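Here's the structure we're looking at; comments come further down.
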Number of protein chains: 2
Amino acid sequence: MEKLKKTGMKQTPQRLAIMHHLEGNKCHPSAEDIYKSISPKFPSMSFATVYNTLENLKDHGLIKELTIESGKKRFDPDTSDHHHLICVKCKKIVDLPQEIQLQQKALTTAGVIKGFRILSTQINIYGLCPECTKTSS
Amino acid sequence: MEKLKKTGMKQTPQRLAIMHHLEGNKCHPSAEDIYKSISPKFPSMSFATVYNTLENLKDHGLIKELTIESGKKRFDPDTSDHHHLICVKCKKIVDLPQEIQLQQKALTTAGVIKGFRILSTQINIYGLCPECTKTSS
DNA sequence: ATATTTAAATAGAATAATTACGATTTTATA
DNA sequence: TATAAAATCGTAATTATTCTATTTAAATAT
C-alpha cells in the first residue's frame, strides 16, 4: 500500500482512502463511485480532490484510466497488461484473461506502416453478459 | 447516399447535410465538429438536431460511435470492421489497417470462458504519431 | 518539538458535452 | 390536401470535469 512513498507523493488521509478503495477493486469505478464510497468517512472531501488524486496516481503509474464509455472516466488499479469485456446492457465491466492480445505481427505492422510510436493498447469487447443474455429474449 | 430511405428515416435537409459531411470523412468528427461545419449552411440548425441525427444514424447502423477519449463522442461513417491509432499528443485519430485484429482463438476463448455474447470489438492503440514523435525530444 | 517550505485539499464557480422537453414545423403517405 | 408520425428548434437541465483562489496539512530542516 505504501507505494505512495516510492513515487514521492505525499501521504494524505484522502489519498490513502482512495488508494485503499481502489486496491484489489475489480469494479473499474468512476470518480463518482469513489467519491460516494469514501465521502462518508471524509465528509469534507471535495470532488476535486478525487479527480486530483486519480490524476496523480495515473501520472505515477499506480492506476490506469479506462476509456470505455464516452462521457465518463473509469479507473483500474490493475496496471498489468489486460483488457475488458463490457456488457452493453447492465454496463458491467470485467477483466479479460491476459492471453487476449493483439497479434504481435499486427502491432509491428502498425508501427512500421504509420511510423507511430506505440505507448499502450486498449481492447474493449462489447456484448451481453451471461445474465443479460438470458433476460433479453 | 439515399441509404436513409432504406432505414425508414425521413429525409430532411439537416440529415442529408450531416450525412454528406460524414460520407468518406476520415477525421472521426465529434458532434461539435459536425455542427460547426454545417451550421453556416443551416444557421437555424440546433445542436440537438445534430445529436438526434447522429443517434438515429447510429441506431440504423449507418455510422459507428467511437469511445476513444472520455468526455467526447466521436463518429465514424466507416462501419466496416476496423480499429484506430490515437496520437496522445495532437489527438489525431487514424484508421488501422484491417488486418489488425484480435486472435480469433482469443475471442472464442473469451466467449466460452465468460459466457459473453460478443457484439463488437474496439481496439484503440495510443501512441505518438510520426510528427509528434519528432517534436517531442 | 517547532518552524518552514511546499504540496495538497477545499469550496465553489466555470466549462464542456450531452440529454431532456415542450412547442412548432416538416415530411411522407393516404 | 389532410393527416399522422417524426423531426426540428430553442432552451433548460444534467452530468462530468476542470479551474481558481484560499486554506490546510505533510514532509523536512532546525
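This is a predicted model, so every value here is computed, not measured. Letters go in sequence order (proteins before strands), and every chain restarts at 1.
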Reckon [X] touches a base, only the sugar-phosphate, or nothing at all at heavy-atom distances under 4.0 Å?
X        : answer
Ser30(A) : nothing
Ser46(A) : base
Thr53(B) : sugar-phosphate
Thr49(A) : base
Ser44(A) : sugar-phosphate
Pro43(B) : nothing

Point to revise | Neighbour count >12 (heavy atoms, 6.0 Å) for atom NZ, Lys92(B) | key: yes

Revision key, fill the gap. Assign each of Lys72(B) and Gly8(A) the nucleotide of DNA chain C bearing its closest heavy atom; nearer the 5' end lies the nucleotide of Gly8(A)

Practice item. By nearest nucleotide on DNA chain C, pick out whichever of Glu55(B) and Asn56(A) is the more 5' one. Key: Asn56(A)

Exercise for review: Respond yes when some side-chain nitrogen or oxygen of Thr12(A) is under 4.0 Å from OP1 or OP2 of dA9(C), and no when none is.
Suggested key: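 Thr12(A) to dA9(C) OP1/OP2: side-chain N or O found under 4.0 Å.
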
Rounded to whole Å, please give me the gap between [atom1] in [X] and [atom2] in [N].
X        : N       : atom1 : atom2 : answer
Asn52(A) : dA25(D) : CG    : C1'   : 15 Å
Tyr51(A) : dA11(C) : OH    : P     : 16 Å
Ile38(A) : dA9(C)  : CD1   : C1'   : 14 Å
Lys73(B) : dA17(C) : NZ    : C1'   : 9 Å
Gln14(B) : dA6(D)  : CD    : P     : 17 Å
Tyr35(B) : dT18(C) : OH    : C1'   : 14 Å
Glu69(B) : dA16(D) : CD    : P     : 17 Å
Phe42(A) : dA25(D) : CZ    : P     : 12 Å

Review point. Can you tell me if Asp33(B) uses its side chain to pair, donor with acceptor, with the backbone of Ser30(B) under 3.5 Å?
Key: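 Yes; at least one donor-acceptor contact below 3.5 Å.
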
Review point. Is a donor-acceptor contact shorter than 3.5 angstrom present between the side chain of Lys10(B) and the base of dA5(D)?
Key: yes

Point to revise | Option among Lys58(A), Lys72(A), Arg74(A) that satisfies the salt bridge (charged side-chain N to carboxylate O under 4.0 Å, His left out) test with Glu65(A) | key: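 Considering Lys58(A), Lys72(A), Arg74(A), a salt bridge (charged side-chain N to carboxylate O under 4.0 Å, His left out) with Glu65(A) is found only for Lys58(A).
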
**Study point:** Residue list, side chain to side chain contact (heavy atoms under 4.5 Å, CB included) with Ser80(B), at least two apart or on another chain
**Key:**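 Residues passing side chain to side chain contact (heavy atoms under 4.5 Å, CB included) with Ser80(B): Asp78(B), His82(B), Gln98(B).
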
Check your understanding: Which of parallel (below 30°), tilted (30 to 60°) and perpendicular (above 60°) describes Tyr35(A) and Phe47(A)?
Key ->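 Correct class here is parallel.
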
Exercise for review: Between dA20(C), dA11(C), dA7(D), spot the one nearest the side chain of Ala48(B), thanks.
Suggested key: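 For the Ala48(B) side chain, the nearest candidate turns out to be dA20(C).
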
